[in-house]
Every structure is written in C-alpha cells, then in structure tokens.
*Asks:* 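One structure, pasted below without further comment.
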Amino acid sequence: MADLAARVDYLAGFCCPLGGLPAGKARVLGHGVEIFLSTGRELVYVYDREGRLLTAVYKFPGQVWHLEALALRRALYVLCARTGIYCLSLDQASKSVNQNGGTDEEREPPYPVIPVDPDTCVLPDATLCAFTVLDSVLVTLAQGPTQWKVQLFECPCPGEDPRPRGLIGEVELSTYTPQAGSPGQPGAPRFPPVLCCVSPPGSGALHGPFRGPGGFTLEGALFGLLFGADPSLLESPVIVCGLPDGQLCSVVLKTLVTSQSAPGDPKALVKILHHLEEPVIFIGALRTEPLAEDVEDPYSDCLVALGHHGRTLAIKASCNEAGNLVPELREYCLPGPVLCAACCRDGRVYHSTPSNLCVVDLAQGGAHKDPMQPDGGPRGLPSLLCPASLSVCSVVTLCVSSSMAEGGVELLALSAKGRLMTCSLDLGSETPRPTRVTAANAGRKIKELLCGIGTVSERVSSLKKAVDQRNRALTCLNEAMHVGCALLSPQEGPRPISCSITTSWLRLGLRDLLTANCLLDNSSGFRLDRGWTLCIQVLSSPHASELDSASPAVTYTMPMDRLGPGGRQEVTLTLGPGEDGVLNLPVTVSCALFYNLREVVGGALAPSDSFKDTSLDECPPDVLPGQEGICLPLSEHMVDMLHGLRFSGLSVPHTQAPGPLGPASHPVNTFLATCRRLDSEQAEPTSLRAKHLPPAVAAIRVSAELLRAALGDSYSGVSLCCATLQWLLAENATADVVRAQALSSVQGVAPDGTDVQLTVHELAVTDLCPEGPVQAVEIQVESPSLANMCMAHHAVIRRMQAPAQSEPESLQSEL
C-alpha cells in the first residue's frame with residue numbers, strides 16, 4: 001500500500017510514572033467533543049476538544065482498567081481494579097464541576113479533583129477484569145480461581161438505584177493457570193482480557209435492547225458461518241472474548257439469558273473460535289468489499305483479532321471452488337510487540353509497537369478486481385500484509401475518533417510519555433500510479449540502491465562496533481566500581497584483594513641482594529583485566545648527610561594480565577645494597593591498584609576513522625576528569641634492619657650474662673687513646689674502629705607483663721627471653737635456626753657485612769616505682785657500626801610500639 005502521511009496534533013500532556021505509561025491499562029475514549037482519558041491510575045480526565053482544556057478530573061478508589069460511554073444515556077461506565085464498575089452521569093458531573101469551580105473564565109487549571117461517590121458503584125465485584133455495556137444489559141468477565149466466568153446483569157440507568165440488579169445468566173469458560181497473588185485471591189492478569197459484542201444484521205439487532213458502544217454488526221453470511229444458525233434465527237448478539245492465553249471464545253447472548261430458567265450443558269453455550277497462542281490485544285471488524293452507491297450504513301464483512309506478539313487473525317466469508325460460502329481464515333505476522341490497535345470500516349487496521357504506529361490494509365483487492373474472481377462473489381483476503389509507518393512512536397492506547405472528516409480518518413492516541421494527540425489521515429486523494437520505468441532507469445536505480453545499501457551496511461557495522469566497545473567499557477566500569485566498593489568498605493575481616501610482602505636474600509653474581517616479594521591475591525569474584533595496574537612504591541630512608549632532602553622513591557608498575565577470581569601474581573623487587581654496599585633502612589614498600597579510566601573509557605568515546613557518530617559530539621573525551629584514574633591502596637610494609645639480618649653462619653656467644661653489660665667508655669676518648677698508641681700502624685680507619693674501638697651498644701627495657709600479654713600463647717613452652725627474640729625475628733626469612741632453638745642471644749650479619757648482636761634478658765628495675773621493683777625485659781643491640789646499631793635499635797622500638805599502644809595505660813606506664 002502507498003505510504004500515508006499522518007498529521008499529528010498534540011492536545012495536552014498528563015503526568016506519567018518514570019519509564020512511561022504501561023501498555024494495556026491506559027484508555028482513551030472519544031465521545032463527541034469530549035475525550036475521556038485514563039493513564040492506568042485512579043484518575044479519569046475529561047478533556048474538551050473545542051476549548052482545548054481539561055474540564056474535570058475524577059478520582060476513583062482503585063486503578064482504572066476500562067472505560068465505556070453510552071451516548072443516549074450520557075453515562076460513563078468505569079471499571080476499577082479490585083473494586084467493581086461505577087456509573088457516572090456526565091450531565092450531573094458537569095453541573096458539579098461548574099458549581100465547585102464557577103464559570104469557565106473564573107476557573108484556572110489545575111482543576112480540582114472530584115472524588116467519586118461510593119454510591120455510584122453499580123456492580124461491586126473484586127474479580128471483574130473486563131466488561132462491555134449494552135443498552136439494557138451489562139456483560140462482565142470475572143476471574144475465578146481457575147476459570148473465567150461470563151456474567152450478564154441488568155444495566156441500571158443513571159439516577160436510578162445504583163445497587164446491582166439480579167444476575168440474568170452466567171457461564172464458565174475454559175480453565176487457566178492463575179498467576180501468583182495474595183492468599184485466596186488470584187493475581188491480576190498482565191494482559192487484560194478483551195470483550196466485544198457482535199450483532200447480526202436486522203432491525204432487532206440495530207435498534208433493540210442490545211445495542212451498545214463497544215459492538216459492531218457483521219454481514220449475515222459471515223455471522224452465520226462463525227456462530228451457527230441459532231443466533232442468526234434468534235437475531236441474538238454474540239459476546240466474543242479474547243483471553244490472555246490466546247483463546248477466542250463466543251457466547252450467544254439470548255441463550256445466556258435463558259440459561260437460568262432452562263439450565264442445560266454449560267459447555268454448549270461456549271464456542272471456541274480460534275487460538276492465537278499469545279495474549280489477545282484487540283478484537284474488531286471492518287469492511288473489505290467495495291460498497292454499492294445506495295448503501296449508507298454498511299455491515300462489516302471481516303473479523304480481526306491481534307495478539308501481543310504480532311500474530312493477526314482475519315476471518316471472512318469467501319467462495320470455494322464449488323461456489324459455496326465458507327469461512328476463510330488467514331493468519332499474518334506483524335511486527336511486535338503490539339501495544340494497542342484500532343480499526344474502522346475502511347478496511348485498515350492501525351496497530352502500535354514501541355517504535356512505530358503502523359497501518360495495514362485488508363481491502364487491497366477492493367480497488368483492483370481480480371479477473372479470475374466470479375462476478376458478484378466476495379474477494380479473498382490478501383496473502384501478505386505490508387505495514388506502512390505513520391511516523392508516530394510509543395502509543396499505548398488508541399481509538400478511532402467519531403468526528404471523522406469526509407474521506408479521512410482521525411485517531412485519538414495517548415503516548416507512553418502521557419501526551420494526548422490526534423492523528424489525521426487523508427484517504428480521499430488518489431494514490432499516484434507508478435510511471436513506466438525503462439531498463440536504463442531501472443539499472444541506475446538499482447546501482448543507487450546497492451550503493452545506499454553498502455553505505456548503510458558500513459554505517460551499521462561502525463555503529464555496532466561503537467556500541468560493542470561502549471558495552472565492554474560499561475562492563476569494565478561496573479566491575480571496577482564493585483572492586484572499589486569491596487576494597488574501600490569499612491567491614492572487618494580479610495579483604496577480597498590483598499597484597500602480602502615478604503623479604504629474602506638473593507645471590508646475583510658476586511653480590512647478595514635483599515629482595516621484597518609482593519604476592520597479589522585475588523579472592524574476589526571479579527577479574528582484574530584491562531585497565532588495572534599493580535603499583536609498588538619503594539620509599540628509602542635518606543642518608544645521614546641528606547636529612548634535609550626528600551626521601552628518594554621509586555615506583556614500579558605491572559599491568560594486570562587477566563587475573564581472574566582465585567588467581568595470584570607475584571612480583572620480586574630488589575631493595576639493595578647498591579654498588580657502594582650501603583642499604584639505608586628502613587625501606588617502606590607500598591602496594592596499590594590503579595585503574596586507568598582513559599584507557600578503558602577513552603577508546604569507547606573516541607570516534608572511529610571510518611565513521612563519526614554524531615552522538616559522540618555530545619560526550620567528547622574531554623568530559624573525563626583531569627585525574628587519569630582511581631588508586632586503591634592495598635598494603636604498606638616497612639622493611640627494617642631486623643628483616644635484613646642474615647644468620648647463615650649462626651654463632652652463639654660462649655656466655656650469656658644474666659645481667660646488663662657493663663658501662664662502656666666514651667667511644668671518642670677510646671678512639672683517640674688508641675690512635676695515640678697505634679699511630680705507627682698503617683691501617684684504614686674502618687679496620688682501626690673495628691679492631692680497637694668497643695662496639696656501639698643500645699638497650700631497650702620493656703615491661704615483662706606487657707610482653708607476656710602481647711605474645712599470648714603463641715610462644716608457649718619457651719622462656720620469655722627466647723619468645724621475645726623469636727617474636728622480633730618472626731618476619732626474617734633466614735632466622736630458622738633462631739626459631740628452631742631456644743636462644744636468648746644471637747649474632748647476625750647486616751647488609752653491609754658488619755655484625756649485629758641481639759641479646760634479651762630479664763632484670764628487675766628498682767628506680768621506677770616506689771612500691772617496689774618492676775620485672776622488665778632488656779633488649780640490647782650491639783654492633784661495631786654505629787649506623788647499623790641505630791637502624792636495629794629503630795626496628796626494635798617500632799615493633800614495641802604496636803603492643804604498647806594496644807594495652808591499657810596502666811601497662812604503658814611501666815615501659
């Protein structure tokens with residue numbers, strides 16, 4: 001069919017929830033110059049098209065599921081979820097609005113919300129899911145525990161007693177599997193069922209008591225083929241039900257009226273017409289055959305039903321090869337999911353999807369008669385339906401307006417964003433016939449089409465590549481966010497990603513080097529991949545001559561190579577000593593994870609060479625923060641002299657004095673005296689200091705009670721002095737002999753080759769507390785090198801600070 005251009009006129013906007021209005025619950029209904037509108041909530045809006053303003057807002061006690069209006073009675077029927085059906089008199093409602101708000105000139109929006117009187121509920125029933133109203137009867141569809149039930153009630157007039165009249169008749173339809181709901185009450189269906197009234201031709205159907213707004217009249221041939229001879233003879237309307245499971249059922253109305261007075265087999269009252277195997281969204285009727293000139297009110301000759309996923313059923317009376325009338329059923333597959341649909345007698349069906357409002361023409365054969373078709377016989381249905389776009393998207397509810405221009409169609413629509421609009425289509429203009437195409441023009445057009453296809457293919461490929469790249473970047477950012485939250489969380493316990501540091505000595509050529517082994521352990525559920533880098537910073541202590549300058553720092557970076565959950569990565573760094581044989585301790589080793597935002601996100605925001613996406617202009621790479629990435633600290637470890645001591649040639653002193661060493665003479669005086677005695681000796685200053693000067697000694701006294709509390713039961717079975725020495729050297733990789741023997745004194749070798757002696761013994765301090773002596777433990781550090789003695793003394797004090805800070809003040813005062 002030819003493309004149709006729709007003229008869209010936006011009338012008003014209404015509030016909608018975040019994410020848009022849901023399909024299936026919103027309703028729009030045109031009634032003269034008034035438009036009744038519901039967005040699926042408790043409110044029903046009345047909009048005046050002539051004045052282009054909102055005239056009334058009614059508030060119901062529950063969500064509004066369905067609306068129907070009776071023109072002759074000026075009545076509006078509203079179905080509320082889990083409540084029932086309400087009937088409003090539009091004349092009385094208009095009067096109440098004018099009384100409450102004054103004249104139109106005096107009232108200004110927003111208009112007051114009018115609560116609906118509970119007395120207007122004509123049929124209270126919490127199980128009702130759909131209804132259709134006729135002139136004198138009300139047909140409802142109730143949701144039972146396991147079955148649908150069609151019920152027929154007398155329809156009270158507005159102003160009369162609104163209490164529900166007696167039940168005229170009811171019948172149960174096929175069983176279904178109920179959804180989960182509250183105890184004793186089934187859940188509301190996701191797709192509400194559909195009810196409509198189909199009448200046979202004849203005066204009794206058109207002007208009798210069963211005429212209503214939601215019905216239509218079928219031709220006698222199609223009506224008899226679908227529903228049988230009984231409803232045709234009785235001239236009885238038929239209720240057609242479209243259920244959420246895809247069934248199309250029919251119930252003859254007059255047999256339902258007499259079902260209570262003359263009960264019979266309930267199954268005989270229900271006829272299954274078809275099964276769409278998907279939720280039924282719409283049932284309607286239209287005209288596909290051309291009309292005679294003297295016919296003013298034509299009957300529909302085709303019944304149409306649409307499913308949620310696009311399956312469409314069309315039923316029409318057609319002639320077989322023998323010339324007999326038979327029902328012709330055709331199923332089509334339209335683009336889905338279908339949100340709503342509408343049709344009119346011009347043979348077109350309008351249906352909405354999330355991306356477009358489309359129209360299909362079931363009367364394609366009406367304008368061009370098939371020469372093989374017998375004269376006077378009905379034409380068949382088209383074999384294929386080609387939807388034409390109207391360039392309107394996200395329409396959630398739709399209806400055909402009653403104020404249609406000559407040769408045109410006007411649709412009332414409500415979008416997912418809550419915008420009420422009219423779509424006008426001009427169907428009166430003739431469709432231009434295709435011009436004659438030459439071979440040269442056809443070849444040129446084919447080349448242009450192929451060139452366009454190639455351009456579109458390249459564009460799609462570039463867009464797909466850009467989308468994939470952004471999806472990967474979003475996935476990486478999501479994992480990085482989870483890793484950051486896990487590492488920065490204040491929760492106690494082991495961290496999901498940790499980095500442990502140990503020290504060891506390594507022989508490299510003729511030199512012995514102290515190394516730091518960093519082990520990264522990924523115990524989380526995330527992969528450390530592209531963008532992640534392990535950063536290790538080594539901060540050395542300044543030399544004695546460089547105390548005023550900043551400490552030298554070296555940072556090593558190691559990119560992560562797909563370190564998955566449970567994986568480990570080890571890095572070994574050399575700490576020293578350097579070529580001069582000097583290693584200034586302590587050395588601080590800090591580990592952190594760095595996530596490079598520009599590496600991960602920058603590529604996703606940069607346009608490709610072959611195609612530049614216009615959306616990238618809105619988010620250039622400059623929007624990234626000035627910071628290159630995020631840094632997540634893992635651990636910090638200080639390597640001191642107690643880590644760097646070696647005990648390969650362990651020598652135990654011959655005597656272990658129980659008391660402190662005697663006071664040593666002043667080192668300067670001893671050195672000068674020795675130089676005067678040995679001025680004739682040709683020796684280096686270092687060898688002189690080592691041979692003739694006494695070693696430098698420092699002592700630290702700690703409360704014995706404090707040490708016992710700090711060590712606990714970890715070193716049970718040995719004396720306090722041996723346990724203290726083992727605790728001080730617990731992180732030394734070469735102190736296995738110390739841990740294997742019960743030693744209270746040990747001599748090690750510093751990184752520069754000089755000796756360092758550690759001695760631990762107990763003593764009683766008498767000049768500290770007036771109440772009496774205090775038991776203490778003295779740790780003596782002795783070395784010929786004053787620098788090594790100071791570094792070892794600093795290492796011992798650093799280890800003593802941790803238990804001292806964690807103990808009460810009463811124990812700290814004993815230090």
Side-chain angles (χ1 to χ4, degrees), residues 25 27-32 34-38 44 46 58 60 62 64-81 83-93 116 119-125 127-143 148-171 192-199 204-217 236-242 250-254 256-257 282-285 342 397 399-400 402:
K25 298 298 175 63
R27 291 289 184 269
V28 62
L29 179 65
H31 181 64
E34 293 179 325
I35 299 177
F36 302 97
L37 174 73
S38 169
V44 173
V46 182
Y58 300 102
F60 289 83
V64 175
W65 281 0
H66 189 57
L67 303 172
E68 282 199 12
L70 277 180
L72 297 179
R73 298 188 179 188
R74 292 283 298 167
L76 177 68
Y77 291 85
V78 180
L79 172 61
C80 289
T83 306
I85 299 176
Y86 291 78
C87 179
L88 296 180
S89 174
L90 299 181
D91 296 330
Q92 293 179 1
V116 175
D119 293 339
T120 59
C121 183
V122 296
L123 186 59
D125 190 348
T127 63
L128 296 183
C129 294
F131 78 94
T132 183
V133 60
L134 308 179
D135 249 355
S136 59
V137 294
L138 187 64
V139 184
T140 64
L141 185 62
Q143 183 184 17
W148 297 100
K149 183 185 294 185
V150 176
Q151 295 176 320
L152 191 63
F153 298 88
E154 288 188 43
C155 184
C157 298
E160 298 179 357
D161 186 4
R163 289 177 298 178
R165 306 290 179 87
L167 179 66
I168 301 176
E170 65 177 11
V171 65
V194 181
L195 279 183
C196 66
C197 180
V198 181
S199 303
L206 288 175
H207 308 287
F210 299 116
R211 186 178 180 181
F216 43 84
T217 304
S236 170
V238 176
I239 302 299
V240 179
C241 310
S250 65
V251 179
V252 181
L253 198 60
K254 286 188 176 181
L256 188 61
V257 171
F282 171 76
I283 300 175
T397 183
C399 77
V400 178
S402 57

*Asks:* For Ile85 and Val78: C-alpha separation, side-chain torsions, deciding distance, then whether side chain to side chain contact (heavy atoms under 4.5 Å, CB included) applies.
*Replies:* CA-CA 6 Å; Ile85 299 176; Val78 180; over 6 Å; no
*Asks:* List the steps and the verdict of side chain to side chain contact (heavy atoms under 4.5 Å, CB included) for Leu88 and Phe60.
*Replies:* CA-CA 11 Å; Leu88 296 180; Phe60 289 83; 3.8 Å; yes
*Asks:* In Å and rounded to the nearest 0.5 Å, what is the OG1 to CG distance from Thr140 to Leu123?
*Replies:* 6.0 Å
*Asks:* State, with a plain yes or no, whether a side-chain heavy atom of Val238 is found less than 4.5 Å away from one of Cys197.
*Replies:* no
*Asks:* Exactly one of Leu256, Val171, Val251 should register a side chain to side chain contact (heavy atoms under 4.5 Å, CB included) with Leu152. Which one does?
*Replies:* Leu256
*Asks:* For the CZ atom of Phe131 and the CD atom of Glu68, what is their distance to the nearest 0.5 Å?
*Replies:* 5.0 Å
*Asks:* Side-chain contact test, heavy atoms from C-beta onward, threshold under 4.5 Å: evaluate it for Ile35 versus Leu29 and give yes or no.
*Replies:* no
*Asks:* I'd like to know whether Phe153 forms a side chain to side chain contact (heavy atoms under 4.5 Å, CB included) with Ile168, so could you lay out the CA-CA distance, the side-chain angles of the two residues, the decisive distance to 0.1 Å, and finally the verdict.
*Replies:* CA-CA 5 Å; Phe153 298 88; Ile168 301 176; 5.7 Å; no
*Asks:* Quick one: are Leu195 and Ile239 in side-chain contact, heavy atoms under 4.5 Å?
*Replies:* yes
*Asks:* Taking the ring of Tyr86 and the ring of Tyr77, is the distance between their centroids below 6.0 Å?
*Replies:* no
*Asks:* Enter the distance from Leu128:CG to Gln151:CD here, rounded to the nearest 0.5 Å.
*Replies:* 7.0 Å
*Asks:* When you measure from the side chain of Thr127 to the backbone N and O of Asp125, does any donor-acceptor pair fall under 3.5 Å?
*Replies:* no
*Asks:* Which pair of non-hydrogen atoms, one from Leu67 and one from Arg27, has the smallest distance, and what is that distance?
*Replies:* CD1-CB, 4.1 Å
*Asks:* Search all heavy atoms of Lys254 against all heavy atoms of Ser236 and return the closest pair with its distance.
*Replies:* N-OG, 3.0 Å
*Asks:* What's the separation between atom NE2 in His66 and atom CG in Leu141, rounded to the nearest 0.5 Å?
*Replies:* 11.5 Å
*Asks:* So does Val137 get a backbone contact from the side chain of Glu154, meaning a donor-acceptor N/O pair under 3.5 Å?
*Replies:* no
*Asks:* Nearest 0.5 Å, please: how far is CG in Leu253 from CG in Leu134?
*Replies:* 6.5 Å
*Asks:* Is there side-chain contact between Cys399 and Val28, with at least one heavy-atom pair below 4.5 Å?
*Replies:* yes
*Asks:* The test is side chain to side chain contact (heavy atoms under 4.5 Å, CB included); show your working for Cys129 and Trp148 and say whether it passes.
*Replies:* CA-CA 10 Å; Cys129 294; Trp148 297 100; 4.0 Å; yes
*Asks:* Ala130 and Pro193: which non-hydrogen atoms are nearest, and at how many Å?
*Replies:* CB-O, 3.8 Å
*Asks:* Specify the closest pair of heavy atoms between Phe36 and His31, including all atoms of both residues, with the distance to one decimal.
*Replies:* CE1-CB, 3.6 Å
*Asks:* Can you tell me how far the SG atom of Cys196 sits from the CZ atom of Phe282, to the nearest 0.5 Å?
*Replies:* 8.5 Å
